[in-house]
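All remarks here apply to the structure that follows.
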Amino acid sequence: MLRAVFREERCKGCGLCVVACPVHIIENNQSKLNEKGYFASGIVEPEKCIACGMCVEACPDLVIEIKEVK
Amino acid sequence: MLRAVFREERCKGCGLCVVACPVHIIENNQSKLNEKGYFASGIVEPEKCIACGMCVEACPDLVIEIKEVK
Amino acid sequence: MAKERLHPKSIQDKVWHYCPGCSHGIVHRIIGEVIDELNIQKSVIGIASVGCSYNNYEYFNFDVIQAAHGRAPAVATGVKRVLPNNVVFTYQGDGDLAAIGTAEIIHVAARGERLTTIFINNAIYGMTSGQMAPTTLPEQITKTTPVGRNTDYHGFPIRISEMLALQEGTAFVERVSTHDVKHIIKAKKAIKKAFMVQQAGLGFSLVEVLSTCPTNWGLTPLESQEWIKDHMIPYYGIGNLKGKDIKV
Amino acid sequence: MAKERLHPKSIQDKVWHYCPGCSHGIVHRIIGEVIDELNIQKSVIGIASVGCSYNNYEYFNFDVIQAAHGRAPAVATGVKRVLPNNVVFTYQGDGDLAAIGTAEIIHVAARGERLTTIFINNAIYGMTSGQMAPTTLPEQITKTTPVGRNTDYHGFPIRISEMLALQEGTAFVERVSTHDVKHIIKAKKAIKKAFMVQQAGLGFSLVEVLSTCPTNWGLTPLESQEWIKDHMIPYYGIGNLKGKDIKV
Amino acid sequence: MQYEIIIAGFGGQGVLSAGRLLVYAGMLEGKHVSWLPSYGPEMRGGTANCHVIISDEEVGSPILNFADIAICMNLPSFDKFETFVRDDGFILCDTSMVSSEKISETKRKVYGIDATTKAIELGNKAFANIFIIGKLLQITKILRPESIEKALYDVLPEKKHYLIPIEMEALKMGLSN
Amino acid sequence: MQYEIIIAGFGGQGVLSAGRLLVYAGMLEGKHVSWLPSYGPEMRGGTANCHVIISDEEVGSPILNFADIAICMNLPSFDKFETFVRDDGFILCDTSMVSSEKISETKRKVYGIDATTKAIELGNKAFANIFIIGKLLQITKILRPESIEKALYDVLPEKKHYLIPIEMEALKMGLSN
Amino acid sequence: MSEKVLMKGNDVIAEACIRAGCLHYFGYPITPQTEISHYLAKRLPELGGTFLQAESEIAAINMVYGASAVGARVMTSSSSPGISLKQEGFSYIAGAELPAVVIDVVRCGPGLGGILPGQCDYFQVTKGGGHGDYRNIVLAPNSVQELYELTVESFNLADKYRMLCMVMADGSMGQMMEAVQFKDKEDITVYDKPWATNGMGNRGHSNFITSVNVNPDELEKTNLRLQAKYRLVEKNEIRYEEINCENADIIVVSYGTTSRIIKNVIKKAKKIGINVGLFRPITLWPYPYEALAKHTDKVKAFLSVELSAGQMIEDVRLAVNGKSNCYFYGRMGGHIPAQQELLDEIIRILKKEDK
Amino acid sequence: MSEKVLMKGNDVIAEACIRAGCLHYFGYPITPQTEISHYLAKRLPELGGTFLQAESEIAAINMVYGASAVGARVMTSSSSPGISLKQEGFSYIAGAELPAVVIDVVRCGPGLGGILPGQCDYFQVTKGGGHGDYRNIVLAPNSVQELYELTVESFNLADKYRMLCMVMADGSMGQMMEAVQFKDKEDITVYDKPWATNGMGNRGHSNFITSVNVNPDELEKTNLRLQAKYRLVEKNEIRYEEINCENADIIVVSYGTTSRIIKNVIKKAKKIGINVGLFRPITLWPYPYEALAKHTDKVKAFLSVELSAGQMIEDVRLAVNGKSNCYFYGRMGGHIPAQQELLDEIIRILKKEDK
Ligand SMILES: Cc1ncc(C[n+]2csc(CCOP(=O)(O)OP(=O)(O)O)c2C)c(N)n1
Ligand SMILES: Cc1ncc(C[n+]2csc(CCOP(=O)(O)OP(=O)(O)O)c2C)c(N)n1
Ligand code: SF4
Ligand code: SF4
Ligand code: SF4
Ligand code: SF4
C-alpha cells in the first residue's frame, strides 16, 4: 500500500502538512520534542491515508515520502 | 540690430549651423584653420541675418550669440 | 492520483538549516524533482547566492557554485558561455537579486543568456535578520523600517518580473506562490517550464516565487502563508508575464 | 521671433573639449539656459559622471560633484537627502548609466528620489574610444562588436526610459533627440519640465537624449545627425513616456 | 570573584536572553560584566550560545576558552561544551533535553533541572531558560533574585511585562528545585 | 646612433601615425625602435604627441624627457616642446601652423615646411604628416624613403593602399623641399 | 558623566554616531554589524536626519560621498566583503578630500568566509585596498567604551583632515555587551566647509568636488598635497597604549579583541615570573612605529598576535627594523587564541631567545 | 622562433592570452588597456571562444569566477579604479581556490585620477586589496617581449596553484610599441581539474565551489591550506633580474617602466664613475626578499624608485631589515622621472652616505 511516511527527525513542526492534508489525519504532537528540538508532526490514522501527496507538496523540509508500506 | 555673432575661436567647424540656418548665410571656410586647428564657420552675408537663433540651437560649441550689433 | 513520491535523487539526504515553515525548503524540493524529471542531474549546474540559501550546495546533489552577493547571474554567464550545452540556473533571494544584484540580473536578461533564475521573493532580508528588501511591501515593518515601509521615504517595491519581462532577451517569466498546495504545484510547473525554455535555447527565463520568512516576519508558518495570500499576492499579482504560449 | 541669445550665465566662458559635432555641447548649452530660466543657478547641484563629460564642472557655472563611474545617482541621493530643497541632477552617458550604473539608476527611480537625470544616449562608449554600450543598436559596429552587434551573442539594447518609467517612484520620463533644431528645441522643453517636476517634489525625472558621437561612429557631424534620425529614432522612438500630463 | 559562564541550546530556547538577563542583573549589583553571543546562520534551526562574565574586577577578554559553568539546554550543547568546563566548575543542564545516561558519562559535576518539561507545563517552552536561571541562583548565589526581577523589567519591552510574574514564579520554582 | 624624436600636433594631424610609420620603417631597416603615444581625453579636440626612438642599440626607457628632434605640427606643440630639444638637436615644424615670428624667437635650430598648406593643396590636410616625414628624411637621412613606402603598405589597411602613391609623392616633395 | 549602561558594541557605535552630530547614515546590511543600522533606522528619522538602506555597499559609499560633498557629517558601516566593494569609493573620497566615517566590523575571509571575528583585513584597511596613493585614518578600539569614544572622535578627525576615518572593530567587539558611560556633552568641533558644493548661493563662484585631473603637473601637486597631509596626521594623531612595557621580557603587539586576551595573559605570566608587555596600537594608520621602536633595546623579542595569517607583523618588523626578533602568532577562521595557548607561545619564544 | 613584429603592449597581452590557450575573456572598458579587448573582440569569437563585454568590472570578475569554476582558462583586464571594484571578486577567487588571470594596466590615482602611467597600486596588488588573508601572484614585466612571455606564464601559474595571477603593467607599457618575437609553440601545461563544477556527468558525486564555511575549525583549516600554498609559491616562483649589482655602490630597486629608465641611468652613472646596480623584482608577490637581502653588506644604500608616493619601499625595507639605509624616490600624477633627475638623486644619496 502507498502511504505517507514521515521522517520525524527532519520535521520542524511547522504544521503546514496538517492543513494540507485533505483527509485530516496529520497532527502536530505538542508534547514531545524531536532531537532537533521541535515538536514533530505525524499521521495519526495511517490507514486513512490516500497517498495523495498533498503533504509532500506542502512540507518545506522533505519530511514526507509516499511509498509502499507493508 | 540683433544679429548672429560667431566667436570663431570656439568653432570646431562641424557645420551644423550651416544646415540649420533658414536663410543659408552661414558657410564653413575650408581654407583657414583657427587657432584650435579647425576650419571655422561664419556668416557670409550678415545683413541677411534674421536673428532667428536656429544656429544657436544647432551649435554644439556655444560659438554663436544673437546680440545687438552696431 | 496516488503515486510514489520518494526523496529526489537530486537532493542529498541532509536536514537543511532553514527555519520551520520557510519556503526555501519547498522550492529546493521542487528544483530537485524537476531536475530528476528532466533527467539533467548530470549536466545541470546551479549557482547559489548569498542569503539563507548560501550553502544549498550541501543539499543539492549536482554541481553547484557559490557566488558573491548579487553576482550569481554574472557567474552563471561565465559558466554558460563556456558550457553552452549544460543547464545553468541561479537561485537568488530578493536582497541578492533585487538590491545589490540589480545590474547583473538585468543584463543577463538583456543579453538573453540561456539561463534560468529562481527568484525567492520573501519581501525581506532573511539571513541578515530581517531588514527591508527592495520587494518589502508598503507599510511592512522590518528592522530597517521600524515604523513600516514608507514609500515616500524608502521608495516603492520593485516589480522584478515585470522589469525583466520588458527585456528583449527574456523568453519566459512567471510569478508564482508557495502559500498553499495548489499554488505550490503551479510553481513547480513554472519552474519546469523555465528550465525547458532554457534547454530550447529561447533566452532567459525566470520564476519569481512569493515566499515566506516566518522568522523575520514574526509570524507562524501558517500565518505566513496567509500573509502571502493577503498581502503579497494582492500587491504583486501572480501568473505568467512572458512566454505563456511557448510550447516546450 | 528674433531675441537676444547670450552666453548663458550658468555656463563658464571656456572652450570645451568635446569633438566637433558632439551632442554633449548642445545639451550643456540647454542645461545652462534652463538653469538660467528657472533662476536656480544658486541652488542647483550637478553630478558629473565618468565619460567624455567627466569634467563638465569646468564648464558649468554652478556647484558640481564629479562621481565615480555609474554612481552619480547614488551621489545625488546623498546630496538630496541632506539638502532636500536644492535642485539636484545627474548627467550621465549610456556606458555610465546603462551598464555599470544600472542598479543605481533603477534604485533612485524606485525610491522616487526627487532628482533629475539627463541621460546622454549616444549608443557607444565615447571616452574610452568606441566600445559597445548597452544601448548600441543591433548590427552597429563598435570596437568590441567589430562585425556588428549580434543580439544573439551580445544581447539586446536596453530601453532605459521604458524600464525606468515602470518604476513607481518615477514621475517623468521623456526621450528626445538632438538631430535637428526642431528636436533640440523639444529636448530643451523636456529638460526644463524634468527640473520642474523635481521642484514640485513629484518624484524622479529623466530625459534620455539621443545623441551623436561622430568620432566613434566614424561619421561626420552631419552624417551623425542623419544616423540618429535613420537608426536610433526608429529603434528607440522619441516622445514622452511618463508624466506627459503633469502641469508644472 | 569572577564567574565565567557559557549558556548554550537551541535557537528558540532563549539562551541569549538568559545570558543578557544575568549580565544585566550583574551590572545592577555593581559588578563588571560582559556578554558575547554566538551569532550567524546557526540561528536558523541550529544552536546558539553566549559567553557571560560576571566579575568583581575589570573584565579582560569577553571570549571564553573555558568556563566555570556551562549551562546546556540541549544535547548537542552538552556534547560540545562538556569539556569547556574547568575541573572545578560544573554543568547545569536541562534534563528534559539531556538524557541521564549522557550525564552519567561525564567526569564533570552536573546539576540538572527538567526545565523544558516544566516550561511546557507552565504553558510555554520559552520559559525554560528562567527555570534554569533559578537553578543557577540556587547553586551559586551569584546574583539575587530581586536583581533578576528588576532586570526583567528593564530588559523586556513594556508589552511583555505582564509575563514577568509568571517568569518570577518559574524562577522561584527553579530556585527551590 | 640613436635618434630620440617627439612628434606633436593636433589630434587630426596624424602625428601618431607619423611616429608609427617611422618606427615601422626603422624596424624594417633592422634597427631597435620604440613608440609611445600620449593617450587619453586630450584626443578630444586637443593635442597629441608620441615619443619615438630609433636606435642601433637596445632601447632603454621608451619615455623621453629630452629629444634630439621635435616635430611640431602646430603652435601649442612648438611652445610645449621647444625646450624639450637638446642643445645639439633641432625642431622641425609645420610653418603653416607656426608663425615665423615664433620661430625666430627660439634658440634652437629650426627647420620648416608648410606641410598643411601643401597638404590642403594636395586635397587633404591629413597628408601634412607625410610632408613632414619627407623633410625629416631630407635633413637626417635617418631612414630610406623605400622603407617608408614599404612601411606604408604594411601599416595602412588594404583599402587605403590606393592613397600610397599620393603619399609617396608628398614624401618626395618633402624630401626635396 | 551619565550612568553606566549595558549595551551591545554595535548599538554603541550607532549611539556614538548620533552623539557626534552625524545625522546621515547610508548602509547595506551585513553580519556582524547589522544592529548599527537597526538602531539608526529608528533614531535618525526621529532626529530629522537620514537613515537610508542603500541598494548595495557601493551605492552606500557613494551616497556618503555625495552627502559629504555638500558638507554633512555622514557615515556608513559594513564588514569585510562589503568593505572590499567600497574600495573604489574610498579612493575617490581620498582623491576628492572628503571627510567621512566608515565602521568596519571585520569577519573572517577570504571570500564569503565566515561571520566570526577576524583581523584579517589589516592590510586592506591600513595599506589601502583601493587604487592610488592614499591613506585612511584607522582607529582600533578594544572595549565598548572605546568604541564609543573613538567613533565620536573619528568624525572630528575626518572633518579636521578632510579624509576618511575608519573605525575597525571585529565581530566580537560589535556583538558583545559591556557597560559604557556616555558623556553629558561631546567634544565636537564644528569645521567650516567653504569647499562644500552645497549650492553656489551668494558665494560668488561655483565649487566643485573632483578626484580627476588629466594634467600630470596638477595631479602630482594634488598627490603631494595629500602626502603632506598624511605626514601631518602621522605627526599629530598617533595613538597607542602600553601596559607593562617598561620591564618586559617580551612585548606583545596586539590590537582590538586580541589585546584584551593579552591583558589576561600578562597576569597569568606574572604568576610564573615572566614579564609580558602589551603594546596596543590604537591608530593602525598612522602606525606608532617610533613608539614601538623605543623598546627594541630593552626586550628580548616582539610577538605580534593577530586574528590573521600575519599582517600587522610587517608593521612591527618595519618599526623594529632588525634591532630585535619579531615573532607572529595568529588564529584564523573565527578562532580566538586562548590565554594558555599564548602563554605557551611566549614561553617557547623566550626559551629560544635565551639560548 | 618567428619573426620580430612591432606591436603595442596591449595587443601583445591579448595575443599572449590566445597563445596561452585562454579562449574566454570577460572585461569592461577602461583606459589605458582598452586595446586588449578590441583585439580579443575580433579574435576570440573567430576561435570559438568567448569575448564578452560585461556590464561592469564586478560582473566581469564574477564571470571569470564562473568560467574558471567550470574549468576554463579565463582572464579579465582592467586598470586601477576597475581593479578596486574587483577586490571582492579577487577575495572570492582566492577563497574558492580558482585559477584566473587578471591584467592590471595601472594608471594614476587616487579616485578617477588620471590615465597616465602609475605604480601607485603596488600595495593594492601585493598586500591584498580585498578582505581576508589571501595572496595573488603578481608579475611585473618591463618590456613588450616580457609582457608576452609573462602573460603566457601567468596562465600556467594560475592553473598550477589554483590561484589568481596578475600581470601588472602600467599605462606606458600597455601603450608603447616595441618589437616582439613570438615562439612557434608555447609551453602550456594542461592541468587536470577534477574539482571543476562542469556538470556531474559520470563523476559519481557532485562538486561544489565555495569560499564560505561557518565552522571555524574548517575555515581555519582552509586558511592554513591557503597559507601553505602561498609558502610553496614563495619557495618556487620568485623571479627577479639583477643588473650590475655585483660591484654596485648603490642598488636601485625598481620594476616595470621605471626599471628601464634605470638601465639608462646605469650607463650614464658609469661615465662619471658611479657604479649603480639595478635590482628588478619580476614577481612583486612573492617578493624576492632574500635575493635582495644578499646585497645588504656590499652596497652603501638602496634606493627604491617608483611611480608612487612610496609603496614598494616597505618591501625593500623589510628585505634589508635595518642592515643598510633605504631611500625612496618617486614621481606621481603620470610624471616619469628623468634619467638626470635620478642620477642627481643617486649622487645626493652617495654623498650623504659617504659622510
Ligand atoms: C557583499 C555583501 N554584502 C552583504 C552581505 C550580507 N548578506 C548576507 S545575506 C544578505 C541578504 C539576504 O537576503 P535575501 O537575498 O533576500 O535572501 P534570504 O536570506 O531572505 O533568503 C546580505 C545582505 C554579504 N554577505 N556580502
Ligand atoms: C570603474 C571604471 N570603469 C571604467 C572606467 C573607464 N571609462 C571611462 S568613461 C567610460 C564610459 C564612457 O561612456 P559613456 O558613459 O557612454 O559616455 P560618453 O563618453 O559616451 O559620453 C568608461 C567605461 C572608469 N573610469 N572607471
Ligand atoms: S510540513 Fe514537514 S516540517 Fe512541517 S510539520 Fe509537516 S512534516 Fe513537519
Ligand atoms: S555649429 Fe558651431 S562649432 Fe559647428 S561649425 Fe557652426 S559655429 Fe562652428
Ligand atoms: S530567516 Fe527567513 S528566509 Fe531564512 S531560513 Fe529562516 S524563514 Fe527562511
Ligand atoms: S568621443 Fe564622442 S561623446 Fe566623446 S566628445 Fe567625442 S564625439 Fe563626443
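Here is the naming used below: chain letters follow the sequence lines, and residue numbers restart at 1 for every chain.
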**Prompt:** Can you name the one residue among Ile250(H), Ile262(H), Val305(H) that meets side chain to side chain contact (heavy atoms under 4.5 Å, CB included) with Ile346(H)?
**Reply:** Ile250(H)

**Message:** I'd like to know which of Ser172(H), Ala179(H), Ser143(H) tops the heavy-atom pair count under 4.5 Å against chain F.
**Reply:** Ser172(H)

**Message:** Set out, in order, the CA-CA distance, both residues' side-chain angles and the distance that settles salt bridge (charged side-chain N to carboxylate O under 4.0 Å, His left out) for Arg239(H) and Glu153(H), then state yes or no.
**Reply:** CA-CA 12 Å; Arg239(H) 288 153 208 232; Glu153(H) 185 58 13; 3.3 Å; yes

**Item:** Val5(H) portion near chain F, given a 4.5 angstrom heavy-atom threshold
**Value:** backbone

**Complete:** Bottom line for Thr257(H): the part with an atom under 4.5 Å from chain F's heavy atoms is side chain

**Request:** Could you check which of Pro337(H), Gly114(H), Gly9(H), Gly171(H) has the highest count of heavy-atom pairs closer than 4.5 Å to chain F?
**Result:** Gly171(H)

**Most contacts with chain H, counted as non-hydrogen pairs under 4.5 angstrom, among Ser61(F), Cys50(F), Pro62(F)** = Ser61(F)

**Request:** Could you tell me the separation between the CD atom of Glu82(F) and the NZ atom of Lys80(F), rounded to the nearest 0.5 Å?
**Result:** 14.0 Å

**Message:** Please classify the contact between Val52(F) and chain H as side chain, backbone, both or neither, with a heavy-atom cut-off of under 4.5 Å.
**Reply:** neither

**Asked** Of the listed residues (Lys8(H), Lys267(H), Gln175(H)), which shares the most heavy-atom pairs with chain F below a 4.5 Å separation?
**Response** Gln175(H)

**Message:** Distance check, rounded to the nearest 0.5 Å: Glu29(F) atom CD versus Ile148(F) atom CD1?
**Reply:** 8.0 Å

**Message:** I'd like to know if Glu169(F) pairs up with Lys172(F) as an ion pair, taking the criterion as any Lys NZ or Arg NE/NH1/NH2 lying under 4.0 Å from an Asp or Glu carboxylate oxygen.
**Reply:** no

**Asked** Judged by atom type as modelled, is there a donor-acceptor pair below 3.5 Å linking the side chain of Asp94(F) to the main-chain atoms of Ala115(F)?
**Response** yes

